[in-house]
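Quick notes on the structure that follows.
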There are 2 protein chains.
Amino acid sequence: MKPVTQDRPYSQTLSRLREAGLRPTRQRLALGRLLFDGGDRHVTAEALHEEAQAAGVSVSLATVYNTLHQFTEAHLLREVVVDSARTYFDTNVSDHHHFFLENAGSLMDIDGGKIAITGLPQAPEGTDVARVDVIVRLHGTPRPAE
Amino acid sequence: MKPVTQDRPYSQTLSRLREAGLRPTRQRLALGRLLFDGGDRHVTAEALHEEAQAAGVSVSLATVYNTLHQFTEAHLLREVVVDSARTYFDTNVSDHHHFFLENAGSLMDIDGGKIAITGLPQAPEGTDVARVDVIVRLHGTPRPAE
DNA sequence: TCTCATATTTAGAATTATTCTAAGGTGTTG
DNA sequence: CAACACCTTAGAATAATTCTAAATATGAGA
């Protein structure tokens, strides 16, 4: 039986895993490929799990969760908190922000270089700024380009 | 046994409820008082429930959830999404943003008038900006003023 | 290549915040 | 004070996520 997965290069997933000290297992390679081939993506665990199934890769949901967290620790992914019902993981780990389409539950990146925030008060003594998130919440559904 | 709750005025809770078209029930008055007496607050359902118990007010957790949502619909509260594990409700409904102390799980307001965001791209066609949230995530524990 | 220690995966149970349900209680209005 | 719509509630249900413990795969070394 032929392998179901495509055989184009593993989008550096293999070397990324090595650098992160994660063994390149079948599951991690497959998920890494789904995540990192193609452009920036925002996925939930459930969605990635389904996508893997659809691609013929057998991975348990628990492994999807494990992998997403390990990738996040390794800075291959970033967690985005926009919705208290589900957690999104973003393949874009550079400095940026988000549009959140509340109807669709989907995210779009806003380049961090484009926006500036002024007037932020100092962080309270004893604390450090770990990150600044800007979330632009949108209503309505974007008209797809015809 | 004396009532445990204070008997100072209901902080306009009663009139606020009336305006919102919500019947002023014992539970809503008690929760409203806890929420709106005193300054701006950030509460979770569980925390408010415990606080009510501690104040000698018997309210079920389901009612706390119902009430928080009804108050939110009535714009007496605002929901703040900072942590995918729990939902916070903010008694400050004016335009503002937040520091989020990740260690403590606590929120502090940042006056909306003080900060400015420039360079935000236009919202995609067919969508409207419902709200812009800025969350400054902090690490470390603030040194309490001695 | 074979073996072994260790890392990884997994099914399913467990957990946690939140919502739902349906039954009984309460506020309001006439 | 009757009647009905609105509220509250206990407990069951849901849904996302985490945990557990057992099975499996991987990489290093002989």
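Hydrogens, waters and symmetry mates are skipped; everything else that's a heavy atom, side chains included, is used. Throughout, protein chains are lettered first and strands after them, A, B, ... in sequence-line order, and every chain is numbered starting at 1.
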(request) Tell me, with the steps shown, if A/His49 and A/Tyr65 meet ring pair (Phe, Tyr, Trp, His ring centres under 6.0 Å). (result) CA-CA 9 Å; A/His49 184 233; A/Tyr65 274 105; 9.0 Å; no
Expressed in angstrom and rounded to an integer, what is the separation of [X] atom [atom1] from [N] atom [atom2]?
{"X": "A/Leu22", "N": "D/dG27", "atom1": "CG", "atom2": "C1'", "value": "15 Å"}
{"X": "B/Asn66", "N": "D/dA10", "atom1": "CG", "atom2": "P", "value": "12 Å"}
{"X": "A/Leu17", "N": "D/dA25", "atom1": "CG", "atom2": "P", "value": "18 Å"}
{"X": "A/Leu14", "N": "D/dG27", "atom1": "CG", "atom2": "P", "value": "9 Å"}
{"X": "A/Glu46", "N": "D/dT14", "atom1": "CD", "atom2": "P", "value": "16 Å"}
{"X": "B/Gln27", "N": "D/dT8", "atom1": "CD", "atom2": "P", "value": "5 Å"}
{"X": "A/Arg18", "N": "D/dT26", "atom1": "CZ", "atom2": "C1'", "value": "11 Å"}

Would you say a side-chain N or O of [X] is under 4.0 Å from OP1 or OP2 of [N]?
{"X": "B/Thr63", "N": "D/dT8", "value": "no"}
{"X": "A/Tyr65", "N": "D/dT17", "value": "yes"}
{"X": "A/Arg26", "N": "D/dT24", "value": "no"}

(message) Tell me the closest heavy-atom pair linking B/Leu34 and B/Ala55, and the distance in Å.
(response) CD2-CB, 4.5 Å
(request) Measure across B/Thr127 and A/Pro142 and return the closest heavy-atom pair with its distance rounded to 0.1 Å. (result) CG2-N, 3.7 Å
(request) Only counting residues at least two apart or in another chain, list the ones meeting side chain to side chain donor-acceptor pair (under 3.5 Å) with A/Gln70. (result) A/Arg28
(request) Carefully, step by step, assess B/Arg78 and B/Asp133 under the rule salt bridge (Lys or Arg N to Asp or Glu O under 4.0 Å). (result) CA-CA 12 Å; B/Arg78 223 173 91 164; B/Asp133 289 323; 3.7 Å; yes
(request) Specify the residue among B/Arg23 and B/Leu61 whose closest nucleotide of DNA chain D lies further upstream toward the 5′ end. (result) B/Arg23
(request) Using side-chain contact (heavy atoms from CB on, under 4.5 Å) as the criterion, list what pairs up with A/Ser58, not counting sequence neighbours. (result) none
(request) Using the heavy-atom set of chain B and a strict 4.0 Å cut-off, write down the first and last nucleotide of DNA chain C that makes it in, 5' to 3'. (result) C/dA17 to C/dT28
(request) Return the residues of residues 67-88 of chain B meeting this criterion: a heavy atom under 4.0 Å from some atom of DNA chain C. Order them by number, or give none. (result) B/His69, B/Ala85, B/Arg86, B/Thr87
(request) Please answer: with hydrophobic residues joined when any side-chain heavy atoms are less than 4.5 Å apart, are B/Ile110 and A/Val136 in the same cluster? (result) yes
(request) If a pair satisfies salt bridge (Lys or Arg N to Asp or Glu O under 4.0 Å) and one of its residues is in residues 84-106 of chain B, list it, with sequence neighbours excluded. (result) B/Glu102-B/Arg137
(request) With sequence neighbours left out, write down each residue that passes ring pair (Phe, Tyr, Trp, His ring centres under 6.0 Å) with A/His96, or none if nothing qualifies. (result) A/His98
(message) Both B/Thr44 and B/Thr25 contact DNA chain C. Taking the nearest nucleotide for each, which residue is further toward the 5' end?
(response) B/Thr44
